Amino acid sequence: MYGFDPKDAESRYKRLAADTPNVTMGPMPVVTFMDAFLPMSESLVKRMPSCEHAFDGIRAQNKHESDIYPVLLKGLNVSEPSRCPGYAFRDTSTRADELEGKLGSIKPDIICYAERYLPEVRPHKVKRTNEWAAMTRIAYAEMFIEIKKDQSDDHYVDPPAGADRDAHYFVWGRNARALGAEADKLKQYLGQNVAYATDMCARQHRRFCFSVTVSGCSARLIRWDRSGAIVTEAFDYVANPELLCEFFWRFAHLSDEQRGYDMTVQPATLTEEALFRDAIKEHIQSQIDCSDPAVLREVLDTHYMPGYVTVVSTPSTGSAASRLLVSRPIVTPLFFAGRCTRVYWAVDPDPAAEKKVVLLKDTWRLQGRDAETEGAVLRDLQARGVPNIPHVLYDGDVLAFNYSGRTPKLAKDRTICYSYLRKNDWPCRKPLLRVKLVKRIHYRLVLDIAGFQLMSLYGTHELLHSTYDAFRALVSAFQLGRRLHRDIHPGNIILYNTSNTPTNPRTGFLVDWDHSCAIDGRQQLEDIFRPSVQWQFVAMDLLHEARLKPPHDIVHDMESMLYVVLYCGLVRLPLTQPSDPRTFRNIMHNLFDISCEYEDRFTGGSGKRANSAAKMYTSSIIWKSPGIGEWINTVCTMHMPGEDTPLSERGRWTFTHLDSFWRTFLERYAGKLPKEDGMDNIAEFEGLAGLAPGSLMKIPKHPTVASCEDLLQNNPGAGPSSAVLLRPSASHATNPSSPASRATAPPTSLPSTYSDMDGYSKSSEETIDNRSPFPRLGSTRERSPTPTPGPSSEMPQPGLRRSTRERKRPRRYIS
């Protein structure tokens with residue numbers, strides 16, 4: 001996010017692979033996997049087409065992995081009868097998805113697409129020898145298949161019969177440090193799969209997804225969710241094609257929710273899209289100076305893409321669910337497991353809404369007896385009078401169907417990896433014993449400040465004023481709320497104009513309190529789960545002594561705030577020195593990125609310690625604005641006094657002294673700090689484009705593609721449950737805003753409050769019949785139910801919503 005490490009695909013794969021063993025479970029028996037995640041009646045399984053000799057011709061060892069493609073594609077794309085009705089498999093190995101930029105783009109070997117989307121992925125030029133060629137469009141993907149030429153390339157290793165599974169490394173078969181010459185290859189192979197799953201879940205409103213990994217004639221099935229990945233044991237799909245064919249047969253007969261889609265999201269109407277566009281445009285004009293129409297267009301493009309507006313049902317504790325309109329996210333997940341936060345500027349279509357444009361945070365919070373929701377934390381801090389924090393409009397846990405029993409039950413949307421770790425004897429627990437797999441719950445939070453991230457600052461004046469605002473929130477939370485933030489970085493400081501006209505500086509609000517932690521009277525952390533903060537801004541002691549897990553204190557958050565100002569100043573304010581890209585990159589790398597691996601843990605902070613001891617790096621920086629240079633040099637000295645520092649100036653690294661200095665400094669420089677000297681130093685230095693942090697990329701995020709219908713409709717033919725999730729008809733497929741996609745919602749009785757269907761409530765343990773936890777659709781949108789798939793019904797279609805054409809992506813607004 002903020003590092004100056006290489007952004008090419010191979011470098012990304014290796015970074016992703018490093019974190020994956022600790023959140024990967026396996027090997028799960030294949031039949032157990034399918035019964036648990038792809039349930040199907042025996043009668044329907046027996047209707048599966050014959051799969052004899054389906055993949056004959058694939059060898060255990062192949063000269064090239066591409067030798068496997070045509071045989072596998074031919075076996076999967078059998079049309080009469082189809083192995084995966086309603087879906088098609090396409091070779092995407094040579095046509096990358098570059099909608100998020102060419103750098104680091106992805107191209108899985110084979111992607112499973114819904115048949116009705118094949119025109120959208122058809123390449124402009126197709127060789128006659130490859131009838132199954134297609135473009136990679138990860139937002140259309142139902143699943144992906146990654147292929148390697150032989151079994152030695154499998155990055156998972158099943159334990160020998162009778163082996164102690166608590167001592168076996170399932171990923172790579174050994175500790176990462178013992179991989180030797182094969183390390184780079186195996187890490188890249190694993191990282192590819194992780195990258196594809198990450199992007200698939202980031203670009204679609206998904207709760208989880210499936211994939212298949214193939215190594216020669218061996219295959220494994222994988223289920224990815226926000227806690228981790230569950231991987232099956234290896235099986236020979238050439239000698240025993242029944243397992244792989246049955247997997248795809250079952251997959252085609254799943255409901256959209258069982259395939260991983262988030263059913264609380266739906267496409268917006270044309271009227272709602274126009275409302276969203278106009279509200280966002282008006283909000284931008286109230287926040288920044290838009291006298292230049294180009295500025296308004298660029299900022300609007302960051303949040304809105306025509307034809308890509310969706311409606312998100314947002315739970316609210318104690319009240320009915322609310323509907324919010326969203327398009328492009330401003331924050332997207334970088335890894336498939338974890339909080340996986342997406343943040344949007346959202347528009348409330350309710351005419352009575354107090355705030356028209358709000359901030360929607362969609363995340364996966366920790367589940368635990370002592371895990372507080374971020375909404376509860378913010379309400380407590382607000383009640384205690386903490387300034388410069390956002391106000392919570394509403395929040396709550398998202399609901400989803402649980403299919404583990406005989407009938408679907410509506411409950412909180414939880415991840416499932418943890419439950420399989422403790423209740424089964426098949427997982428290899430070696431790396432999982434050290435790093436605790438956690439339970440997560442899908443959670444949405446709506447705040448009253450839809451502002452700009454700190455990196456979009458106007459200049460020196462706004463940088464120092466807005467960070468001081470955030471610092472006041474940090475200190476007040478510690479003094480009044482007895483709470484530490486523990487996740488200070490530029491993305492967690494929001495610039496927001498509280499007046500009706502653009503001002504400079506905007507107020508800095510400190511957000512993202514879900515990693516915060518309460519402290520007791522002895523200032524010891526009630527720390528159940530350690531935070532995962534941005535590496536570049538972590539205090540040097542916490543980095544250097546990571547193995548010892550030192551307790552977090554307020555001085556560490558203060559130090560992180562220093563690094564935020566220093567980092568933002570280096571990349572966004574004019575410099576006299578350094579004047580060459582090599583020196584600039586060395587300073588950024590040594591101060592913020594440097595790390596080394598020690599006993600399976602990363603440690604760092606050597607550059608920060610060197611700078612604290614002798615001002616090795618900050619002394620060589622010359623700023624064109626004298627104010628920022630004075631502030632940084634003074635605060636660095638307060639943090640770590642040098643040998644020549646007078647005794648009277650030592651021991652001043654307390655929040656009281658820092659607050660006093662900062663307030664006095666701003667008073668002394670009132671009217672003197674440059675207000676509009678912000679610039680993009682990355683663009684000024686040649687050769688740094690490929691290393692630019694993701695937070696500075698001038699490419700807006702692609703809209704998260706909506707999933708399918710979010711209604712429950714009584715269907716007498718659905719069996720004992722009679723609770724059926726609707727699927728979109730063919731008319732919904734390509735353009736969510738087309739007139740053909742609007743129909744009247746059937747009458748549905750709603751619960752009086754969202755909490756009536758809480759996962760722990762009595763009602764959630766009963767069969768839900770003809771009830772919807774989501775808001776009733778307005779009269780401007782009409783829908784027609786589609787029958788549940790079965791032996792006599794039409795095959796299910798995916799819930800993917802896309803417009804019929806891809807658009808050129810504009811630049812991100814920086815300054």
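A quick note: this is a predicted structure, and the numbers were derived from the prediction, not measured.
The side-chain hydrogen bond (donor to acceptor under 3.5 Å, both in side chains) search around Arg165 returns none, not counting sequence neighbours. Every residue two or more places apart in sequence or in another chain that forms a salt bridge (charged side-chain N to carboxylate O under 4.0 Å, His left out) with Arg250 is listed here: Asp35, Glu246. By the side-chain hydrogen bond (donor to acceptor under 3.5 Å, both in side chains) test, Ser227 pairs with Thr415, sequence neighbours left out. The side-chain hydrogen bond (donor to acceptor under 3.5 Å, both in side chains) test applied to Ser516 returns Arg483, not counting sequence neighbours. Every residue two or more places apart in sequence or in another chain that forms a ring-ring contact (aromatic ring centres under 6.0 Å, His included) with Trp345 is listed here: His283, His303, Phe452. Here Ala346 pairs with Leu324, Val326, Val358, Leu360 under the side-chain contact (heavy atoms from CB on, under 4.5 Å) rule; sequence neighbours left out. The salt bridge (charged side-chain N to carboxylate O under 4.0 Å, His left out) test applied to Arg226 returns no partner, not counting sequence neighbours. For Phe335, there are no ring-ring contact (aromatic ring centres under 6.0 Å, His included) partners at least two apart in sequence or on another chain. Residues satisfying the ring-ring contact (aromatic ring centres under 6.0 Å, His included) criterion with Phe37, sequence neighbours excluded, are Phe33, Tyr420. Residues satisfying the side-chain hydrogen bond (donor to acceptor under 3.5 Å, both in side chains) test with Asp380, not counting sequence neighbours, are Arg384. For Phe247, the ring-ring contact (aromatic ring centres under 6.0 Å, His included) criterion is met by no residue, not counting sequence neighbours. Under the salt bridge (charged side-chain N to carboxylate O under 4.0 Å, His left out) criterion, Glu233 pairs with no residue, sequence neighbours left out.
Side-chain atoms of Asp262 do not come within 3.5 Å of backbone N or O of Arg206 as any donor-acceptor pair.
Look at Asp397 and Arg365 and you find a salt bridge, because one of the NZ, NE, NH1 or NH2 atoms lies within 4.0 Å of a carboxylate O, short of that distance. A salt bridge is absent between Asp413 and Arg440: the closest approach of a Lys/Arg side-chain nitrogen to an acidic carboxylate oxygen does not fall below 4.0 angstrom.
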